[in-house]
Q: 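Below is a structure I'd like to ask you about.
Counting begins at 1 with the first residue of the sequence. Worth saying up front: this structure is predicted, and the values here are computed from it rather than measured.
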Amino acid sequence: MEIAENAALVVVDVQRGFEDTGFWGPRNNPGADGNIAALIDVWQSSGRPVVFVRHDSVRADSPLRAGSAGNGFKPYVEERRGKGAGPELLVTKTVNSAFLGEPDLGAWLTSAGIRQLVLAGIQTNMCVETTARMGGNLGYDVVVAYDATYTFDLVGPFGWRLGADEVGRASAVSLHGGGFARVVTTEEVVAGVRG
């Protein structure tokens, strides 16, 4: 897999509030946090740009609400911020897509000549998927490191319930099969960076 010299790693919503299993329920991909950390390390050591995205929920009952302890990045992300050799951006948002946050992610990418995005973070089927879909629609070469994402059990219409593994796989199939992004493993991405 080819990873561009200026490909941006977009780390989506890796926030403390997602540790609240009483709110979110069971999750999948138990190794995701380790894979996210590994991707940040590889990006920072190679001088590639990293975008950290934070969801500032406006819902009063959300563990991610702005101003709450859960709104902050998980410690392993926070301790890596500002440590890379390349450019870094913090995007805050109140909706699912990082392209609809502040500052304007698309404008930042365009000004830097970046055309390839590698996505990791939480939740696979929510903010990661929405950002990937918008990125694909906007013409970016989008790569999703699937095992560096995770999600939770979900209830949909008609009482339908899907476990986190099923939800994650459905998201990956939609993104990859629908042509929005290439869904790969962290190992494939790291190998592409190290060339």
Q: What are the two closest non-hydrogen atoms of P87 and G47, and how far apart are they?
A: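 Closest approach of P87 to G47: CD-O, 4.0 Å.
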Q: Is the Y150 ring parallel, tilted or perpendicular to the F18 ring (thresholds 30°, 60°)?
A: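 Rings of Y150 and F18: perpendicular, as their planes differ by over 60°.
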Q: Between L175 and V144, is the side-chain contact (heavy atoms from CB on, under 4.5 Å) condition met? List the steps.
A: CA-CA 9 Å; L175 287 173; V144 175; 4.2 Å; yes
Q: Short question: side chain of R16, backbone of F73 - any donor-acceptor pair under 3.5 Å?
A: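 Side chain of R16 to backbone of F73, a donor-acceptor pair under 3.5 Å: yes, one is there.
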Q: Any idea which heavy atoms bring A120 and L39 closest together, and the distance?
A: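 Smallest interatomic distance, heavy atoms only, reads CB-CD1, 4.0 Å.
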Q: For A8 and L109, which heavy atoms make the closest approach, and how far apart are they?
A: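 Closest approach of A8 to L109: CB-CD2, 4.1 Å.
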Q: Before you tell me yes or no, could you show the steps for D13 and Q123 under side-chain contact (heavy atoms from CB on, under 4.5 Å), namely the whole-Å CA-CA distance, both residues' side-chain angles and the distance that decides it to 0.1 Å?
A: CA-CA 8 Å; D13 302 351; Q123 299 180 56; over 6 Å; no
Q: Looking at side-chain heavy atoms only, is the closest gap between I36 and I40 below 4.5 Å?
A: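 When only atoms from C-beta onward are counted, I40 and I36 do touch, with a gap below 4.5 Å.
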Q: Hey, is the main chain of G163 close enough, under 3.5 Å, to the side chain of E166 for a donor-acceptor pair?
A: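 Such a contact is found between E166 side chain and G163 backbone.
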Q: Side-chain heavy atoms nearer than 4.5 Å, only ILVMFWY residues, links allowed to pass through others: does that put I3 and L117 together?
A: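 The answer is no; the residues belong to distinct hydrophobic clusters.
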Q: Please confirm whether the backbone N or O of V167 pairs with a side-chain atom of S171, one donor and one acceptor, at under 3.5 Å?
A: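 Such a contact is absent between S171 side chain and V167 backbone.
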Q: Determine, step by step, whether F99 and T131 satisfy the side-chain contact (heavy atoms from CB on, under 4.5 Å) criterion, reporting the C-alpha distance in whole Å, the side-chain angles of both residues, the deciding distance to 0.1 Å, and the verdict.
A: CA-CA 7 Å; F99 284 99; T131 301; 4.0 Å; yes
Q: Under 6.0 Å from the six-membered ring centre of Y140 and within 45° of its axis: does the NZ or CZ of R115 meet both?
A: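 Cation-pi check for R115 and Y140: passes.
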Q: Any heavy-atom pair between the side chains of Q15 and I122 that's under 4.5 Å?
A: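 The answer is no, as the side chains (C-beta and beyond) never meet within the 4.5 Å cut-off.
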Q: Salt bridge check, D153 against R27: does any charged N sit closer than 4.0 Å to a carboxylate O?
A: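 No, no charged N to carboxylate O under 4.0 Å.
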Q: Does S174 reach the main-chain N or O of A170 with its side chain, forming a donor-acceptor pair under 3.5 Å?
A: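 Flag set: sc S174 to bb A170 pair under 3.5 Å.
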Q: Is it true that D56 and R65 make a salt bridge, defined as a side-chain N closer than 4.0 Å to a carboxylate O?
A: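 Salt bridge flag = no for R65 with D56.
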Q: Does the W108 side chain pair with the main chain of V91, one donor and one acceptor, at a distance under 3.5 Å?
A: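 Looks like no, no N/O pair under 3.5 Å.
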Q: Run the side-chain contact (heavy atoms from CB on, under 4.5 Å) test on V42 and Q44 for me, step by step, so that the C-alpha distance in whole Å, both residues' side-chain angles and the decisive distance to 0.1 Å come before the verdict.
A: CA-CA 6 Å; V42 167; Q44 289 183 326; over 6 Å; no
Q: Looking at K74 and E78, is any side-chain nitrogen of the basic one under 4.0 Å from a carboxylate oxygen of the acidic one?
A: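 No, E78 and K74 are not salt-bridged.
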Q: Check each of V189, V190, V11 against W43 using the side chain to side chain contact (heavy atoms under 4.5 Å, CB included) test, and report the only one that passes.
A: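 Among the candidates, only V189 passes.
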Q: Test of understanding: clusters of I, L, V, M, F, W, Y form through side-chain heavy atoms closer than 4.5 Å, transitively. Do V128 and Y76 belong to the same one?
A: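 Per the 4.5 Å side-chain linkage, V128 and Y76 are not co-clustered.
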Q: I'd like to check P49 versus L9 (side-chain heavy atoms, cut-off strictly below 4.5 Å). Are they in contact?
A: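 When only atoms from C-beta onward are counted, L9 and P49 do not touch, as no gap falls below 4.5 Å.
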Q: Less than 3.5 Å apart, any donor N or O on the side chain of R59 or S57 sitting next to an acceptor on the other?
A: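 Distance-only check fails for R59 and S57.
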Q: Any chain of hydrophobic side-chain contacts (each under 4.5 Å) joining L105 to L90?
A: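 They do not share one cluster, since no chain of ILVMFWY contacts under 4.5 Å joins L105 to L90.
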Q: So V53 and V10, do their side chains get closer than 4.5 Å, heavy atoms only?
A: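 Yes; the side chains approach each other to less than 4.5 Å.
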Q: Please tell me if the side chains of L119 and V143 come closer than 4.5 Å, counting only heavy atoms from C-beta onward.
A: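 No, every pair of side-chain atoms sits at 4.5 Å or beyond.
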Q: Looking at every heavy atom in both L89 and P103, which two are closest together, and how far apart are they?
A: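 Looks like CD1-CG, 3.6 Å.
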Q: For D147 and T186, does a side-chain donor sit closer than 3.5 Å to a side-chain acceptor?
A: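 There is such a pair (donor and acceptor under 3.5 Å, judged by atom type) between the side chains of D147 and T186.
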Q: Taking ring pair (Phe, Tyr, Trp, His ring centres under 6.0 Å) as the definition, give me every residue that meets it alongside F52, ordered by chain and number, with sequence neighbours left out.
A: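 For F52, no residue satisfies ring pair (Phe, Tyr, Trp, His ring centres under 6.0 Å) once neighbours in sequence are set aside.
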Q: Do the side chain of N29 and the main chain of A32 share a donor and acceptor less than 3.5 angstrom apart?
A: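 No; judged by distance alone, with no hydrogens or angles, the pair does not exist.
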Q: Cut-off 3.5 Å, side chains only: do T151 and T124 have a donor facing an acceptor?
A: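 Not at all, the side chains of T151 and T124 share no donor-acceptor pair under 3.5 Å.
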Q: Please check: side-chain N/O of N6 versus main-chain N/O of G113, any donor-acceptor pairing under 3.5 Å?
A: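 Side chain of N6 to backbone of G113: a pair is present.
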Q: Are K93 and E102 within salt-bridge range, i.e. N to O under 4.0 Å?
A: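 Not counted as a salt bridge, because no side-chain N and carboxylate O are separated by less than 4.0 Å.
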Q: Roughly how far apart are N35 CG and Y146 OH, rounded to 0.5 Å?
A: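 Atom-to-atom, N35:CG and Y146:OH are 12.0 Å apart.
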Q: Could you state the interatomic distance from CD (E2) to CG (D141), rounded to the nearest 0.5 Å?
A: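 Atom-to-atom, E2:CD and D141:CG are 9.0 Å apart.
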Q: Using every non-hydrogen atom in the two residues, find where G136 and V142 come nearest and quote the distance to one decimal.
A: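 What the structure gives for the nearest pair is N-CG2, 3.6 Å.
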Q: If only atom types and distance count, is the side chain of H176 paired as donor or acceptor with the main-chain N or O of V183 below 3.5 Å?
A: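 Present.
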Q: Work out which heavy atom in G168 is nearest to a heavy atom in N28; give both atom names and the distance.
A: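 Where G168 meets N28 most closely, the heavy atoms are CA-ND2, 4.3 Å.
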Q: Working to the nearest 0.5 angstrom, can you tell me the gap between R194 CZ and S46 OG?
A: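 R194 atom CZ to S46 atom OG measures 9.5 Å (nearest 0.5 Å).
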Q: If Ile, Leu, Val, Met, Phe, Trp and Tyr residues are connected whenever their side-chain heavy atoms lie under 4.5 Å apart, and connections chain through other members, are V173 and L162 in the same group?
A: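 V173 does not cluster with L162.
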Q: Quick one: CE on M134 to CZ on F180, what's the gap to the nearest 0.5 Å?
A: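 That separation rounds to 11.5 Å.
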Q: Ignoring hydrogens and geometry, is there a side-chain-to-backbone donor-acceptor pair from Q116 to A4 under 3.5 Å?
A: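 Confirmed, Q116 side chain pairs with A4 backbone.
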Q: May I ask you to decide if M126's main-chain N or O and N96's side chain share a donor-acceptor pair within less than 3.5 Å?
A: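 Side chain of N96 to backbone of M126: no pair is present.
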